[in-house]
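Reviewing the structure listed below.
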Amino acid sequence: MKKRGQWYLILFCFLYIAGFSRITERPVFAETNTASEGANAASGGGVDVSAVSAVLIEGSTGEILYEKDKDKELVPASITKIMTLTLIFEALDSKKISLDDSVTVSEYAASMGGSQVFLEPNETQTVNDMIKCISIASANDAATAMAEKIAGSEEAFVKKMNEKAKSLGMEHTQFKNCTGLDDDITSGHFSSAYDVALMSRELITKHPEISKYSTVWMDKITHKTKKGESEFGLTNTNKLVRFYDGITGLKTGSTSKAKYCLSATARRNDMDLIAVVMAASDHKKRFSEAQALLDYGFANCSIYKDPDIAGALEEVPVQGGTKTTAKTAPKMAFSHTFTSETDPDLITKKITYAENIKAPLEQGAVVGTVEYFYDNNSIGSIEIVAAEPVGEAGFTDYFMDALRKLFHKM
């Protein structure tokens, strides 16, 4: 009789679950900030910038530390090639090309004027040497050859450049070529100091290996043509690489209409700074004013990064899932740039998890936020995401769970 009663109880559980099982919905969360909003632009203290436009930002946060007409649309000249290099390194990351691949120079690429390394039609160079030519000597012929290698034509490559610019939030930029040779703003090739800083940030933070090229003072390539082999010397157009402490790059540009432009990047004490100067009156000014901006940033700013956030997170309960909890992780690292002396003991954080999280839960779904404070004032936040997927429980899952609970009690 006792065994018969147990089976009646199991049957009752079966009927109960079948009658009350339901379909659960995935949770919807409001968007939260994934990085600090950025401090107000600093006045720059004693920095005196005579260039038409300039900006200083910190790389990991993107925070603006100094600005002067940062959104003014100007002729960018060869700092255009920062975007060209970004797409080249993306192609390397995706394995579309490799550093050892051969690049054949077309008649069109060889015809590029301005800064060049005098590549000849049908000459071949490796991708590695082409990057050297672009980064060190600002070679227009090499840039065009690489654009054709990656996209099939310069026109198709420029389309990719503009798509990438849009994705980075570059609202005051339009590219017409991959070199910056078209220096007439009426033709539609333009950018701004802030937009140049944004694409510089993308290049140095996502592809730090660019510094292996952009910080080289002198190098050479070997021309291999029907006439034989000959060496060609490369000299960096960025004079800061010779003496500035922590320099990581990045790119110069100058034409009669653009005047003198520079995106200078440097790293010290775990902080990346990007100084962009556009339309300086002469080549000495662009270097001295970019250096002054970098000096100001390193002297007055510090970076805070939370090294322990992953260990502070807990699993979150999940309703109606094949598992009752899900592991969590920060969506991104948190960093904040302080523009004055700070006390690390005044930095606190508040972790908040979403309520009533329901299955199915996808890996990467937002399940909470971490907000950071300095002296009780918010300095930014990041999202917490599910570190693993949790499927929606079905009838069998509910039934087996009921059985486990029943026999556990027995």
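Values reported hereafter were calculated over all heavy atoms of this structure, with side chains retained and with hydrogens, waters and symmetry mates removed.
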Item to complete: Report yes if the side chains of Met112 and Tyr108 come closer than 4.5 Å at any heavy-atom pair, otherwise no.
Response: yes
Worksheet item: What residue among Val390, Ile357, Ile384 forms side chain to side chain contact (heavy atoms under 4.5 Å, CB included) with Val316?
Response: Ile357
Discussion item. Ser192 vs Glu73, test: side-chain hydrogen bond (donor to acceptor under 3.5 Å, both in side chains). Steps then yes/no.
Written reply: CA-CA 5 Å; Ser192 68; Glu73 294 173 359; over 6 Å; no
Response to the item:
The reported gap from CG in Asp272 to CZ in Arg201 (rounded to nearest 0.5 angstrom) is 10.0 Å
Item to complete: Would you give the length of the straight line joining atom OG1 of Thr235 to atom NZ of Lys220, rounded to the nearest 0.5 angstrom?
Response: 12.5 Å
Worksheet entry | Donor-acceptor contact below 3.5 Å, side chain Asp100 vs main chain Thr126 | no
Item to complete: Keeping the roles fixed (side chain from Glu362, backbone from Ala365), state whether a donor-acceptor pair exists under 3.5 Å.
Response: no
Worksheet item: Does Lys132 use its side chain to pair, donor to acceptor, with the backbone of Ile221 at less than 3.5 Å?
Response: no
Item to complete: Sort out for me which residue in Thr328, Thr324, Thr325 forms a side chain to side chain donor-acceptor pair (under 3.5 Å) with Glu315.
Response: Thr325
Discussion item. Taking Gln174's backbone N and O only, do any of them form a donor-acceptor pair with Asn162's side chain (distance below 3.5 Å, no angle check)?
Written reply: no
Worksheet entry | Results of salt bridge (Lys or Arg N to Asp or Glu O under 4.0 Å) for Lys259 - residues two or more places apart only | none
Discussion item. What verdict does the side chain to side chain contact (heavy atoms under 4.5 Å, CB included) test give for Ile204 and Ile274, after you've listed the backbone C-alpha separation in whole Å, the side-chain angles of each residue and the deciding distance to 0.1 Å?
Written reply: CA-CA 9 Å; Ile204 67 167; Ile274 302 161; 3.8 Å; yes
Worksheet item: Do Tyr296 and Tyr66 make the cut of ring centroids closer than 6.0 angstrom?
Response: no
Worksheet item: Just wondering, do Ile64 and Lys70 contact through their side chains at under 4.5 Å, heavy atoms?
Response: yes
Worksheet item: Given side chains that start at C-beta, do those of Val47 and Glu289 come closer than 4.5 Å, heavy atoms only?
Response: no
Fill in: Lys/Arg N to Asp/Glu carboxylate O, Lys164 vs Glu202, below 4.0 Å
yes
Worksheet item: Is it true that Glu388 and Lys327 have a side-chain N and a carboxylate O under 4.0 angstrom from each other?
Response: no
Item to complete: Indicate yes or no for a side-chain donor-acceptor contact from Tyr353 to the backbone of Glu314 under 3.5 Å, with no hydrogens or angles considered.
Response: yes
Worksheet item: Is Glu392 paired with Lys358 through a side-chain N to carboxylate O contact shorter than 4.0 Å?
Response: no
Discussion item. Suppose we screen for side-chain contact (heavy atoms from CB on, under 4.5 Å). Which residues come up paired with Thr342, at least two apart in sequence or across chains?
Written reply: Ser302, Phe338, Tyr374
Worksheet item: Between Tyr244 and Leu294, is any pair of side-chain heavy atoms under 4.5 Å apart?
Response: yes
Worksheet item: If you look at every heavy atom in Gly249 and Thr215, which pair is closest and at what distance?
Response: N-CG2, 4.1 Å
Worksheet item: Passes side chain to side chain contact (heavy atoms under 4.5 Å, CB included), Leu168 versus Met83? Steps please.
Response: CA-CA 11 Å; Leu168 294 177; Met83 182 60 81; 4.2 Å; yes
Fill in: Side-chain (Thr222) to main-chain (Ser230) donor-acceptor, under 3.5 angstrom
no
Worksheet item: side chain to side chain contact (heavy atoms under 4.5 Å, CB included) between His283 and Ser254: does it pass, once the steps are laid out?
Response: CA-CA 8 Å; His283 70 283; Ser254 62; over 6 Å; no
Item to complete: Could you give me the CA-CA distance, side-chain angles and deciding distance for Glu58 and Thr61, then say whether side-chain hydrogen bond (donor to acceptor under 3.5 Å, both in side chains) is met?
Response: CA-CA 6 Å; Glu58 198 283 317; Thr61 63; 3.0 Å; yes
Item to complete: Report the C-alpha distance between Thr104 and Thr124 in whole Å, list the side-chain angles of each, state the deciding distance to 0.1 Å, and finish with yes or no for side-chain hydrogen bond (donor to acceptor under 3.5 Å, both in side chains).
Response: CA-CA 4 Å; Thr104 302; Thr124 62; 5.9 Å; no
Worksheet, complete the sentence: Correct closest heavy-atom pair for Thr80 and Asn177 would be CG2-O, 3.7 Å
Worksheet item: Does a side-chain heavy-atom distance below 4.5 Å link Phe175 with Lys160?
Response: no
Practice prompt. Answer yes when Asp282 and Lys285 have at least one side-chain N-carboxylate O distance shorter than 4.0 Å, and no when they do not.
Written response: no
Worksheet item: Does Val117 offer a backbone N or O that forms a donor-acceptor pair with the side chain of Asp141 under 3.5 Å?
Response: yes
Discussion item. Quick check for you: to the nearest 0.5 Å, what is the distance between Phe373 atom CZ and His336 atom NE2?
Written reply: 12.5 Å
Worksheet item: Taking atom types as modelled and ignoring hydrogens, do the side chains of Thr369 and Ser381 form a donor-acceptor contact shorter than 3.5 angstrom?
Response: no
Worksheet item: Is the closest side-chain donor-acceptor distance between Asn128 and Tyr213 under 3.5 Å?
Response: yes
Worksheet item: Taking everything shown except Gln363 itself, do over 12 heavy atoms lie less than 6.0 Å from its CD?
Response: yes
Fill in: Phe232 and His223 aromatic centres sub-6.0 Å
yes
Discussion item. Salt bridge check, Arg267 against Asp270: does any charged N sit closer than 4.0 Å to a carboxylate O?
Written reply: yes
Fill in: Taking every non-hydrogen atom, the tightest pair across Ile309 and Pro330
CG2-CG, 4.0 Å
Worksheet entry | Donor-acceptor pair, side chain of Glu154 and main chain of Cys178, under 3.5 angstrom | yes
Worksheet item: Taking atom CG of Asp245 and atom CZ of Phe298, what is their separation to the nearest 0.5 Å?
Response: 8.0 Å
Worksheet entry | NZ-CG distance between Lys81 and Leu250, expressed to the nearest 0.5 angstrom | 12.5 Å
Discussion item. What's the separation between atom NE2 in His189 and atom OG in Ser191, rounded to the nearest 0.5 Å?
Written reply: 8.0 Å
Practice prompt. Indicate whether the side chain of Ser263 and that of Ser200 have a donor and an acceptor atom separated by less than 3.5 Å.
Written response: yes
Discussion item. The test is side-chain hydrogen bond (donor to acceptor under 3.5 Å, both in side chains); show your working for Asp101 and Ser98 and say whether it passes.
Written reply: CA-CA 5 Å; Asp101 283 352; Ser98 71; 2.9 Å; yes
Discussion item. Looking at every heavy atom in both Ala258 and Ala77, which two are closest together, and how far apart are they?
Written reply: CB-CB, 3.7 Å
Fill in: Note, Glu209 side chain near Phe89 side chain (heavy atom, < 4.5 Å)
yes
Discussion item. Would Arg286 and Tyr260 count as a cation-pi pair here, with the cationic atom under 6.0 angstrom from the ring centre and within 45° of the axis?
Written reply: no
Worksheet item: Is a side-chain N or O of Asp343 found less than 3.5 angstrom from the main chain of Asp345, in a donor-acceptor match?
Response: yes
Item to complete: Give the C-alpha distance, both sets of side-chain angles, the deciding distance and a yes or no for side chain to side chain contact (heavy atoms under 4.5 Å, CB included) between Leu85 and Ser135.
Response: CA-CA 8 Å; Leu85 287 164; Ser135 302; 3.7 Å; yes
Worksheet item: Of all heavy-atom pairs between Val75 and Cys261, which one has the smallest distance, and what is that distance?
Response: O-SG, 4.1 Å
Worksheet item: Do Leu65 and Leu273 have side-chain heavy atoms sitting under 4.5 Å apart?
Response: yes
Fill in: Heavy-atom pair with the smallest gap, counting every atom of Ala275 and Ala290
CB-O, 3.8 Å
Item to complete: Determine whether Leu119 and Gln125 make a side-chain contact, defined as any pair of heavy atoms from C-beta on separated by less than 4.5 Å.
Response: yes
